[in-house]
Amino acid sequence: MREILLNDIGGIKIGNAEKLKGPTGCTVVICEKGASAGVDVRGGSPGTRETDLLNPVNLVDKIHAVVLTGGSAFGLDAAGGVMQYLEERSIGFDVSVTKVPIVCGAVLFDLNIGDYRIRPDKSMGYEACINSELNLCKNGSVGAGTGATVGKILGDEYAMKGGLGSFALQIGDLKIGAVVAVNCLGDIIDSGSGSIIAGALGKDKKSFVNTEKVMLNMYSEKKNMFSGNTTIGVVVTNGDFTKSEMNKMASMAQDGYGRAIRPAHSMFDGDTIFTMATGKVKSDLSVAGFLAAKVVERAIVRAIKNADSVLGYRSYKDIWTA
């Protein structure tokens with residue numbers, strides 16, 4: 001097993017676009033020939049697009065892109081630009097008069113950082129598609145991770161910068177990778193050390209308070225004190241899997257969130273994972289599933305380690321490399 005780049009998975013392209021004045025952005029993962037796909041939504045506050053069609057009982061069995069975007073529900077507009085880009089290239093589900101691109105998506109909440117009036121729109125989605133022609137695997141404060149933050153249990157003053165991360169592996173002919181925009185309520189854990197590497201800061205802005213301990217002390221309070229969360233991602237593989245199997249893979253991939261984010265899947269997060277398969281290599285689903293969890297976990301850590309501070313939000317680099 002060896003590490004590869006996400007863009008080493010044939011048939012997949014990834015592109016980002018952002019507005020630093022927001023700051024906010026979006027990320028698109030495109031499979032022009034169509035990919036078997038699934039989804040798993042665990043958080044209690046999701047914002048998604050076209051997830052129902054991924055139910056195995058429904059007609060469409062291939063999708064052409066997934067959009068990860070900031071801007072909360074407003075950011076779903078970015079999918080319109082992705083649809084325009086694909087329709088112009090005659091990519092989509094054939095309905096005789098045209099081809100309708102099947103574009104799924106999920107949003108994260110970043111309206112509370114910077115100027116809430118600046119958010120991803122149709123033009124930004126189109127721009128991300130144009131940038132996908134370069135097919136660069138960027139990490140950090142880019143794309144959907146541009147305005148992402150983590151560790152928000154004590155409010156924005158003690159939160160840290162999140163970001164976008166990608167990680168991929170190859171074993172034999174099987175390739176599998178993930179791109180994740182990390183914008184969670186909880187802390188980020190590096191499984192190598194078992195330590196918190198980013199999250200809610202103490203008053204010194206250098207140490208961590210441990211979000212789970214804070215929540216335990218507040219167990220009897222039912223007031224919604226938390227807002228502005230959600231981690232969203234896409235797992236891509238060249239494996240050959242059915243729509244049902246891809247939904248199972250998405251479920252298994254959520255383990256990566258559980259390993260790297262504590263707590264994950266709270267009522268105040270909209271944690272969502274999409275899966276896409278190009279159908280080139282036969283593989284055991286259980287193997288691909290635990291690899292999906294592994295690449296998701298590593299993508300989350302990479303997002304944090306590559307993020308840059310912005311608007312007073314400290315980054316991993318500020319604390320660990322200063």
Side-chain angles (χ1 to χ4, degrees), residues 1-17 25-38 62-68 82 85-86 89 91 103-104 128-145 163-182 191-192 232-241 245-246 249-250 252-253 255-257 260 273-307:
M1 186 164 57
R2 64 185 181 91
E3 182 181 350
I4 59 174
L5 295 176
L6 191 72
N7 55 15
D8 289 331
I9 301 175
I12 295 290
K13 297 192 301 183
I14 182 170
N16 299 291
C26 66
T27 299
V28 62
V29 181
I30 296 174
C31 183
E32 295 182 351
K33 293 185 178 180
S36 295
K62 301 286 185 182
I63 71 169
H64 304 97
V66 172
V67 184
L68 308 177
V82 180
Y85 174 89
L86 294 173
R89 288 154 181 80
I91 296 168
V103 179
C104 299
C129 292
I130 294 295
N131 292 337
S132 76
E133 295 169 9
L134 300 174
N135 206 18
L136 300 176
C137 290
K138 295 183 178 182
N139 297 283
S141 300
V142 297
L164 183 79
S166 63
F167 191 87
L169 292 169
Q170 179 172 353
I171 178 168
D173 294 330
L174 179 68
K175 299 177 181 181
I176 188 165
V179 57
V180 183
V182 186
S191 60
I232 50 180
V234 186
V235 172
V236 295
T237 179
N238 65 350
D240 183 11
F241 298 104
E245 290 172 325
M246 293 307 288
M249 185 186 295
M252 296 176 73
D255 289 348
Y257 283 4
I273 294 181
F274 292 95
T275 51
M276 303 173 71
T278 62
K280 301 298 183 183
V281 176
K282 295 292 184 181
S283 173
D284 179 77
L285 176 61
S286 295
V287 173
F290 80 69
L291 287 176
K294 183 181 291 290
V295 296
V296 165
E297 176 189 4
R298 298 292 290 275
I300 291 170
V301 172
R302 178 163 288 173
I304 296 304
K305 289 187 174 182
N306 285 273

Closest non-hydrogen atom pair, A37 against I63: CB-CD1, 3.5 Å

Interatomic distance, L291 atom CG to T237 atom OG1 [nearest 0.5 angstrom]: 8.5 Å

Test side chain to side chain donor-acceptor pair (under 3.5 Å) applied to N238 and T278, step by step: CA-CA 5 Å; N238 65 350; T278 62; 5.7 Å; no

Flag, side chain of S166 to backbone of A178, donor-acceptor distance under 3.5 Å: no

Residue from L6, V179, L164 passing side-chain contact (heavy atoms from CB on, under 4.5 Å) with C137: L6

Exercise: identify the closest heavy-atom pair between L174 and S283: CD2-OG, 3.4 Å

Closest non-hydrogen atom pair, D173 against V281: O-CG2, 3.6 Å

Expected output: side-chain E3 to main-chain L5 donor-acceptor under 3.5 Å: no

Distance in Å, M252 CE paired with L285 CG, rounded so as to fall on 0.5 Å steps: 6.0 Å

Main-chain N/O of G38 paired with T275 side-chain donor or acceptor, under 3.5 Å: yes

Backbone of D8 reached by a side-chain donor or acceptor of K175 within 3.5 Å: yes

Residues, nucleotides or ligands: over 12 heavy atoms within 6.0 Å of K62 NZ: yes

Residue K13 excluded, over 12 heavy atoms near NZ under 6.0 Å: yes

Inter-residue atom distance I14.CD1 - N135.CG, 0.5 Å rounding: 7.5 Å

